[in-house]
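Okay, structure first, notes after.
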Amino acid sequence: MNNPARKVIPIHSNYKSDILTGSVVQVISDKIRINVAGNIKEAKRAFSCMVDPEPDDIIICSQNNDGTAYILGIIERSGSQKMSVSFPSDACIRSNQGSLNINSSESITIASKQVNSFSKRVIHKSHEAVISYDNIIANGDELQASFKTVRLISDLINTMAKQVIDRFKGYIRKTEDNDMVKSGQMTRQTDGLYAMDSKHTIMNSKESTKIDGKKILMG
């Protein structure tokens with residue numbers, strides 16, 4: 001005959017989980033040794049504890065029924081107040097409503113193998129910017145740039161455009177070696193003086209050459 005008492009499942013456990021305080025003794029990779037009431041034991045960082053513990057930190061911890069100790073959080077850190085936040089795996093910071101702001105009184109550094117930025121509108125404003133790339137690929141429908149001074153230093157510049165319109169108040173071009181311009185047709189128009197000064201000048205036309213003016217001075 002079955003004993004009914006064997007089917008009774010206790011709803012209370014004799015184990016009592018306590019929230020304790022202690023200090024960090026040593027941190028080596030994922031192994032953390034803590035001191036709780038004079039007892040040295042190994043502990044794990046709780047999943048929700050994102051701040052990396054450091055030696056001498058005052059911590060709050062708990063112990064489950066198998067004796068495993070978990071660091072729930074850091075209460076106090078003496079000396080330097082530097083803090084490192086780390087995630088065990090992929091992480092997502094989301095603001096479903098409102099904005100997300102990151103402010104720093106000194107500097108912000110982002111270091112990663114790959115950085116992706118997706119936005120409807122991007123605003124970048126700074127007093128000074130330094131940009132260094134090995135390769136740049138830029139695509140878009142329209143580019144508007146306004147600068148007081150532009151300096152381009154390059155070994156080779158290739159520009160391919162269906163139409164180019166340049167407007168300058170003053171234009172100075174200096175070429176150290178050869179300067180070659182090749183076009184289907186070329187028209188140059190000046191409102192004032194057009195002057196050409198060279199040591200040797202060669203003009204070749206396959207068909208005809210026309211020079212027209214009120215006065216033509218040669219020699």
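Position 1 is the first residue of the sequence, and the numbers go up from there.
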When hydrophobic residues are tied together by side-chain contacts of less than 4.5 Å, even through go-betweens, does [X] share a cluster with [Y]?
{"X": "Ile58", "Y": "Leu72", "result": "yes"}
{"X": "Met160", "Y": "Val164", "result": "no"}
{"X": "Ile74", "Y": "Val36", "result": "yes"}
{"X": "Phe147", "Y": "Leu152", "result": "yes"}
{"X": "Val27", "Y": "Phe87", "result": "yes"}

First locate atom OG of Ser23, then atom CD1 of Ile40, and finally report the distance between them rounded to the nearest 0.5 Å. 7.0 Å
How many angstroms lie between atom CD1 of Ile123 and atom NZ of Lys125, to the nearest 0.5 angstrom? 9.5 Å
Per the side-chain contact (heavy atoms from CB on, under 4.5 Å) rule, which among Ile75, Leu20, Ile34 passes with Ile59? Ile34
So [Y] and [X], do their side chains get closer than 4.5 Å, heavy atoms only?
{"X": "Pro88", "Y": "Phe47", "answer": "yes"}
{"X": "Asn178", "Y": "Met180", "answer": "no"}
{"X": "His124", "Y": "Ser126", "answer": "yes"}
{"X": "Arg33", "Y": "Lys31", "answer": "no"}
{"X": "Asn135", "Y": "Tyr133", "answer": "no"}
{"X": "Gln63", "Y": "Lys41", "answer": "yes"}
{"X": "Lys44", "Y": "Ile32", "answer": "no"}

Can you confirm whether [X] is buried at [atom1], in the sense that more than 12 heavy atoms of other residues, nucleotides or ligands lie under 6.0 Å from that atom?
{"X": "Ile202", "atom1": "CD1", "value": "no"}
{"X": "Gln81", "atom1": "CD", "value": "yes"}
{"X": "Asn116", "atom1": "CG", "value": "yes"}
{"X": "Ile137", "atom1": "CD1", "value": "no"}
{"X": "Ile216", "atom1": "CD1", "value": "yes"}

Which of these, Asp52, Asp56, Asp57, sits in a salt bridge (Lys or Arg N to Asp or Glu O under 4.0 Å) with Arg77? Asp57
Before giving the answer on side chain to side chain contact (heavy atoms under 4.5 Å, CB included), spell out for Arg173 and Asp179 the whole-Å C-alpha distance, their side-chain angles and the decisive distance to 0.1 Å. CA-CA 10 Å; Arg173 184 175 69 181; Asp179 190 353; 3.1 Å; yes
Okay, side chain of [X], backbone of [Y]: is any donor-acceptor separation there less than 3.5 Å?
{"X": "Ser112", "Y": "Gln114", "result": "yes"}
{"X": "Arg45", "Y": "Cys49", "result": "yes"}
{"X": "Ser205", "Y": "Glu207", "result": "no"}
{"X": "Thr175", "Y": "Asp177", "result": "no"}

Between Val24 and Glu54, is the side chain to side chain contact (heavy atoms under 4.5 Å, CB included) condition met? List the steps. CA-CA 7 Å; Val24 178; Glu54 293 184 0; over 6 Å; no
Verify whether one side chain among Thr68 and Asp66 offers a donor that lies under 3.5 Å from an acceptor in the other. yes
